[in-house]
Amino acid sequence: MPDDRVRVRYAPSPTGDPHVGNIRTALFAWLFARHTGGDFIVRIEDTDTARTQEGSLEAILESLRWLGLEWDEGPEVGGPHSPYVQSQRRELYQNAARSLVEAGHAYYCHCTPERLHEMRKEQQRLKQPTGYDRLCREAGRGPDGDPSPVVRFKMPLEGETTFNDLIRGEVTFANATVDDFVMLKSDGYPTYHLASTVDDHLMDISHVLRAEEWLPSTPRHVHLYDALGYDMPLVAHLPIILGPDKSKLSKRHGDVALLQYREMGYLPEAMINFLALLGWSLDNHTELLSRDDLVNNFSIERIVRSAAVFNLEKLTWMNGVYIRNLGEEELAERIAGILDESLSQEVARPVSRDYVRSITPLVRERIRTMTDIPELTDFFFLRDLDYPPADLVQRGLEPADTANALDSTVERLAGVGEWTAEALEGELRPLAEELNVKTGQLFGAIRVAVTGRKAAPPLFETMAVLGRDLCLERLRKAVASVSTVD
RNA sequence: GCCCUCAUCGUCUAGCCUGGCCUAGGACGCCACCCUUUCAAGGUGGAGAUCAGGGGUUCGAAUCCCCUUGAGGGCACCA
């Protein structure tokens, strides 16, 4: 394998349903891999047994699948560096830790959680920087028969560490501000620092793209790589995604799990486009980019440095654009699928595809998210409409006028030859004039009578689709119910 | 408290590296008008950023330098 091959990984912890910020990181890594013709690897970092959640792995993989971020190596597909689950690679980390201790780069620590807690409290009280005080490093003890010591890495006591971040440039930390972190926990599992360093090396990762919150621990990794004798991959810390309150997006912000957006009727194509533009841009005007456009144009250089607020309104707008851009057949099929799932039981399944095809052009530019569909179309399917009779009465008309207008409509329409939108319009426009009401008033009353709604798709097309019998029946019912309005 | 990062319309961003084309461009949202039987979609126009603030450098700074401020992130036997 050539040395310069790009290999990036997405390394989530299975501690819950991945949220949009997390997946945005995966997307950038995937885009970078695909743009460069490199490899995209998924590695599961389940080294915290207490936080690992049942079902989370499936949610992670399903999130990637939904967006079409296929992976070259990882769970389910395997690969030359299997397994891709850290809990199954414990020996690797334990060996690395042991050799680090032997080489004098790390040491056993016997401090109890209680002592560490007290130490931290004291440091805070004295307003000193918090961090491990290196008691066990100075004592220079071995395992000492302690059944569960931790292993800490020896950070340099002085000097500074500088590394180059692909997005931020040179970043420097004083080594004195970085403490001796735990690499191997008392339960024998590694911490992130050790596990990811060992795996990134073993898996030949060339670039680490991760969220900005990792920036402060990068000096640790610099020294870990060095002590292990590994070359360090290039690093790029992606800007964080914020909630409306401008703090890091998290569960308390509500709808953050990526898969929730699928439930809410968002299209994966729109989601990808939107997420890609959260922290990256092509130029000063391009908003709509397909997955291929993104792959072709993605570059780390054009990732912004500052954090971005997740703007749901823009996502929703973009989703509408993608829905409108869907082919008629494609949209109809998706609409039918949704209706089959969501319509009331009284409607026979599967819903007629031809019927749905005739409805689709009437609603396509009114759909913002796919979950709008039942609300937008149910009157096409339901037998009985449920609406307040008062809605029939238009501004400037009395109930009696309305009853009369609707009654005349029934009469006029009963004799119409061809039940088409053009024919209907040809009958009803003159009727308004004859009745001496505004077209808006007549059509408004008919709209409510026929759809049960004040806002609906274009009236004549809608009536044409509904058919003569249903329209006349609904109009007659309306005439009867409007008499109950005082 | 300590460390790091960031800072252009309400929001996402272009411009910053390679000062002048920026009296700062686009998009979402908002407002108005047009289209129109309603709601959308579409079209046109508008409000909205003294480029966080202050100092420099320069003939000239959103762009370079310094300081300040603000915001975010990190400071676990979590990732």
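What you see is a predicted model, and the numbers here were worked out from it, not measured in a lab. Sequence lines set the chain letters: A, B, ... in the order given, protein chains first and strands last, and positions in each chain run from 1.
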Is there a side-chain polar atom (N or O) of [X] under 4.0 Å from OP1 or OP2 of [N]?
| X | N | value |
| --- | --- | --- |
| A:Arg120 | B:C75 | no |
| A:Thr15 | B:A79 | no |
| A:Arg302 | B:G15 | yes |

From the set [options], return the single nucleotide nearest to any side-chain atom of [X].
| X | options | value |
| --- | --- | --- |
| A:Val309 | B:C77, B:C12, B:G72 | B:C12 |
| A:Trp317 | B:C28, B:C4, B:U38 | B:C28 |
| A:Leu215 | B:G74, B:A79, B:C4 | B:C4 |
| A:Arg324 | B:C6, B:A79, B:A41 | B:A41 |
| A:Ser281 | B:C78, B:G1, B:A14 | B:A14 |
| A:Lys246 | B:A41, B:U11, B:C78 | B:U11 |

Within the modelled atom types, does a donor on one side and an acceptor on the other bring the side chain of [X] and the base of [N] under 3.5 Å apart?
| X | N | result |
| --- | --- | --- |
| A:Thr130 | B:C75 | yes |
| A:Ser306 | B:C6 | no |
| A:Arg366 | B:C39 | yes |

### Message
Between A:Asp179 and A:Arg220 (salt bridge meaning N to carboxylate O under 4.0 Å), is one present in this structure?
### Response
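Between A:Arg220 and A:Asp179 there is a salt bridge, with a charged N closer than 4.0 Å to a carboxylate O.
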### Task
Decide, yes or no, whether a salt bridge links A:Arg412 with A:Asp407 under the criterion of side-chain N to carboxylate O below 4.0 Å.
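A salt bridge is absent here (no side-chain N lies under 4.0 Å from a carboxylate O).
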### Message
Tell me if the aromatic rings of A:Tyr261 and A:Phe274 count as close, with their centers under 6.0 Å from one another.
### Response
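Not close enough - the centres of the two rings lie 6.0 Å or further apart.
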### Query
Is it the case that A:Arg152 places NZ or CZ above or below the six-membered ring of A:Tyr132, under 6.0 angstrom from the centre and within 45 degrees of the axis?
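Yes, cation above the ring, under 6.0 Å and within 45°.
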### Query
Under 6.0 Å from the six-membered ring centre of A:Phe298 and within 45° of its axis: does the NZ or CZ of A:Arg302 meet both?
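Checked: cation-pi criterion not met.
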When we call it a touch if two heavy atoms are under 4.0 Å apart, what does [X] touch: a base, just sugar-phosphate, or nothing?
| X | result |
| --- | --- |
| A:Gly279 | sugar-phosphate |
| A:Val304 | sugar-phosphate |
| A:Pro458 | base |
| A:Arg368 | nothing |
| A:Pro14 | nothing |
| A:Lys185 | base |
| A:Phe460 | base |
| A:Thr172 | sugar-phosphate |
| A:Ala308 | sugar-phosphate |

Euclidean distance for [atom1], [N] against [M] (whole angstrom):
| N | M | atom1 | answer |
| --- | --- | --- | --- |
| B:U23 | B:U50 | P | 15 Å |
| B:G1 | B:U18 | C1' | 42 Å |
| B:U36 | B:C31 | P | 22 Å |

Return the value, rounded to whole Å, for the distance between atom [atom1] of [X] and atom [atom2] of [N].
| X | N | atom1 | atom2 | value |
| --- | --- | --- | --- | --- |
| A:Ile240 | B:C12 | CD1 | C1' | 17 Å |
| A:Gln124 | B:G1 | CD | C1' | 8 Å |
| A:Glu365 | B:G42 | CD | P | 8 Å |

### A:Met264 backbone acceptor or donor facing A:Thr371 side chain under 3.5 Å
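Checking the backbone N and O of A:Met264 against the side chain of A:Thr371, a donor-acceptor pair under 3.5 Å is found.
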